[in-house]
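Everything on this sheet refers to the single structure shown next.
Keep in mind that this is a model prediction, so the values were computed, not measured.
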Amino acid sequence: MVSNRTDDSLGTVGASEIVNFSGDNVRLSGQIDYPESNRPANGYPLIFVIQHSTSTSITDFEHITTLGMTMGMAVFRWDKRGTGRSGNGANGSVEVDTLRAYEQAIKLPSVDSSRIIIFAQSEGTLLLQQEYKHLKQSQKPLGIILASNMLDEKAVLALDAPLHIIVSKNDWNDWRIYAEKASDTQAEKYGHEPSFYVATNTNRLLMYTSGNTFHKATETSIKHWLTNTCQIS
């Protein structure tokens with residue numbers, strides 16, 4: 001792994017580091033952002049992002065980075081193969097790439113590896129469900145945010161960490177199944193408090209239908225859940 005400081009913070013406020021690492025037969029590029037002040041003794045709680053299928057750059061998750069940093073958390077994003085700063089290897093899989101990205105992120109010196117939150121969006125929720133048993137061999141997350149969730153009440157049982165599920169009321173997946181029922185079923189099985197939010201007036205990526213801005217009430221629901229889950233004062 002090669003890690004270096006960069007002035008290209010992509011609009012965030014705080015410190016940024018580019019993290020280059022080996023994926024599955026491809027060179028990948030990620031970025032960690034974190035506040036410059038009030039660093040906890042054990043490092044920052046981390047939000048690790050798993051992208052949706054149409055993501056073309058880490059800039060697609062600038063709103064999540066800003067959200068996390070305002071709460072005193074670090075955020076790790078990375079460019080999928082063939083996007084942004086990452087290479088475009090002909091061989092290999094995005095599943096292994098994701099595992100390698102997670103392994104790199106959780107061992108960065110600025111990170112508290114005991115307080116990892118996975119943020120997976122849309123098709124990223126399917127990838128997370130598929131690879132979760134391998135991810136938690138490296139580090140079981142403290143909690144998981146399923147944004148634009150695509151896991152029903154059966155599939156979501158593969159995830160044994162506390163969940164916050166968010167869907168748009170305009171999503172083609174019925175919120176009663178992919179938010180309410182999925183949340184209740186998973187929480188009952190593992191003894192967690194159920195937590196879900198249904199966003200109105202948004203597209204399925206939780207942006208306002210009237211513009212490309214992240215839904216404010218959704219942001220508030222995430223902040224509230226993170227505060228309780230990560231015990232952020």
- prompt: How about Ile58 and Thr65: do any of their side-chain heavy atoms sit closer than 4.5 Å?
  reply: no
message: More than 12 heavy atoms of other residues, nucleotides or ligands under 6.0 Å from NZ of Lys80: yes or no?
response: yes
message: I'd like to know if the side chain of Ser122 and the backbone of Gly124 have a donor-acceptor N/O pair within less than 3.5 Å.
response: no
query: Is there a donor-acceptor pair closer than 3.5 Å between any side-chain N or O of Tyr190 and the backbone N or O of Leu157?
result: yes
query: Going by heavy atoms in the side chains, are Gln51 and Asp79 under 4.5 Å from each other?
result: no
- request: Might you work through the side-chain contact (heavy atoms from CB on, under 4.5 Å) test for Val49 and Val75, ending with a clear yes or no?
  value: CA-CA 8 Å; Val49 174; Val75 181; 4.2 Å; yes
query: Would a 4.5 Å heavy-atom cut-off, applied to side chains only, mark Leu142 and Cys230 as touching?
result: yes
- prompt: Can you check whether Thr200's main-chain N or O pairs, donor with acceptor, with His215's side chain at less than 3.5 Å?
  reply: yes
query: Is Thr66 reaching over with its side chain to a backbone N or O of His63, donor-acceptor style, under 3.5 angstrom?
result: no
field: Leu99 CG to His134 NE2 distance, which is reported to the nearest 0.5 Å
entry: 7.0 Å
query: How long is the gap from CZ on Phe196 to CZ on Arg176, to the nearest 0.5 Å?
result: 10.5 Å
Salt bridge Glu219-Lys223, side-chain N to carboxylate O under 4.0 Å: yes
message: So Asp33 and Met69, do their side chains get closer than 4.5 Å, heavy atoms only?
response: yes
statement: Taken to the nearest 0.5 Å, the spacing of Trp78 CH2 from Ser57 OG works out to 13.0 Å
statement: Minimal heavy-atom distance between Ala199 and Thr218, with the atoms involved, is CB-OG1, 3.4 Å
- request: Just jot down the ring pair (Phe, Tyr, Trp, His ring centres under 6.0 Å) partners of Tyr102, sequence neighbours excluded, or say none.
  value: Phe48
query: With hydrophobic residues grouped by side-chain heavy-atom distances under 4.5 Å, do Leu67 and Tyr208 end up in a single group?
result: no
- request: Examine Leu128 and Leu126 and state if one hydrophobic cluster contains both, with Ile, Leu, Val, Met, Phe, Trp and Tyr joined whenever side-chain heavy atoms are less than 4.5 Å apart.
  value: yes
field: Pro35 versus Gly72, closest heavy-atom pair with distance
entry: CG-CA, 3.8 Å
Close side-chain approach of Tyr132 to Pro141, heavy-atom, < 4.5 Å: yes
- prompt: For the hydrophobic clusters of this structure (ILVMFWY residues joined by side-chain heavy atoms under 4.5 Å, transitively), does one cluster hold both Leu151 and Leu205?
  reply: no
task: Using a cut-off of 6.0 Å, state whether more than 12 heavy atoms not belonging to Glu193 lie near its atom CD.
output: no
- request: Check whether Met207 and Ile64 end up in the same hydrophobic cluster, where Ile, Leu, Val, Met, Phe, Trp and Tyr are linked by side-chain heavy atoms less than 4.5 Å apart.
  value: yes
statement: Trp225 and Ile145 have their tightest heavy-atom pair at CZ3-CG1, 3.5 Å
message: I need the full list of side chain to side chain donor-acceptor pair (under 3.5 Å) pairs touching residues 137-159, with sequence neighbours left out, sorted by first then second residue.
response: Gln121-Ser148
field: From Gln104 atom CD to Ile32 atom CD1, the distance as rounded to the nearest 0.5 Å
entry: 11.5 Å
From CA spacing to verdict: side-chain contact (heavy atoms from CB on, under 4.5 Å), Asn88, Val26: CA-CA 7 Å; Asn88 189 20; Val26 67; 5.9 Å; no
query: Leu206 versus Phe214: any side-chain heavy-atom pair under 4.5 Å?
result: yes
- request: Please test Arg204 against Asn173 for side-chain contact (heavy atoms from CB on, under 4.5 Å), starting from the C-alpha separation and ending with a verdict.
  value: CA-CA 9 Å; Arg204 69 180 314 269; Asn173 290 322; 4.2 Å; yes
Full working for side-chain contact (heavy atoms from CB on, under 4.5 Å) between Arg27 and Ser86: CA-CA 6 Å; Arg27 181 179 179 274; Ser86 289; over 6 Å; no
query: Ile118, Val96: one ILVMFWY side-chain cluster at the under-4.5 Å cut-off?
result: no
Closest non-hydrogen atom pair, Asn25 against Asn91: CB-O, 3.8 Å
field: Shortest non-hydrogen contact from Ala105 toward Phe76
entry: CB-CG, 3.6 Å
- prompt: What do the steps show when you test Ser110 against Arg39 for side-chain hydrogen bond (donor to acceptor under 3.5 Å, both in side chains), and what is the final call?
  reply: CA-CA 8 Å; Ser110 55; Arg39 175 174 174 169; 5.4 Å; no
task: Ignoring hydrogens and angles, tell me if any N or O in the side chain of Ser183 forms a donor-acceptor pair with the backbone of Pro194 under 3.5 Å.
output: no
field: Evaluation steps, side-chain hydrogen bond (donor to acceptor under 3.5 Å, both in side chains), between Thr209 and Asn201
entry: CA-CA 6 Å; Thr209 53; Asn201 302 316; 5.4 Å; no
- prompt: Got a second to check how far Leu135's CG is from Ile116's CD1, nearest 0.5 Å?
  reply: 11.5 Å
- prompt: Of Glu131, Glu123, Gln130, Gln129, which is the lone residue that meets side-chain contact (heavy atoms from CB on, under 4.5 Å) with Leu127?
  reply: Glu131
query: Are the side chains of Gln31 and Arg85 in touch, meaning some heavy atoms are under 4.5 Å apart?
result: yes
- prompt: If you round to the nearest 0.5 Å, how far is CG of Leu46 from CG of Leu108?
  reply: 8.0 Å
- request: Test Asp60 against Arg77 for salt bridge (charged side-chain N to carboxylate O under 4.0 Å, His left out), laying out the working first.
  value: CA-CA 9 Å; Asp60 295 331; Arg77 306 168 279 169; over 6 Å; no
statement: Closest non-hydrogen contact found for Ser93 with Arg81 is N-NH2, 3.7 Å
query: Does the side chain of Ile166 reach to within under 4.5 Å of the side chain of His164, using non-hydrogen atoms?
result: yes
- request: Taking the six-membered ring for Trp and the full ring for Phe, Tyr or His, determine whether the centres of His224 and Tyr197 are under 6.0 Å apart.
  value: no
- prompt: Passes salt bridge (charged side-chain N to carboxylate O under 4.0 Å, His left out), Arg115 versus Asp112? Steps please.
  reply: CA-CA 6 Å; Arg115 294 197 289 171; Asp112 179 354; 3.2 Å; yes
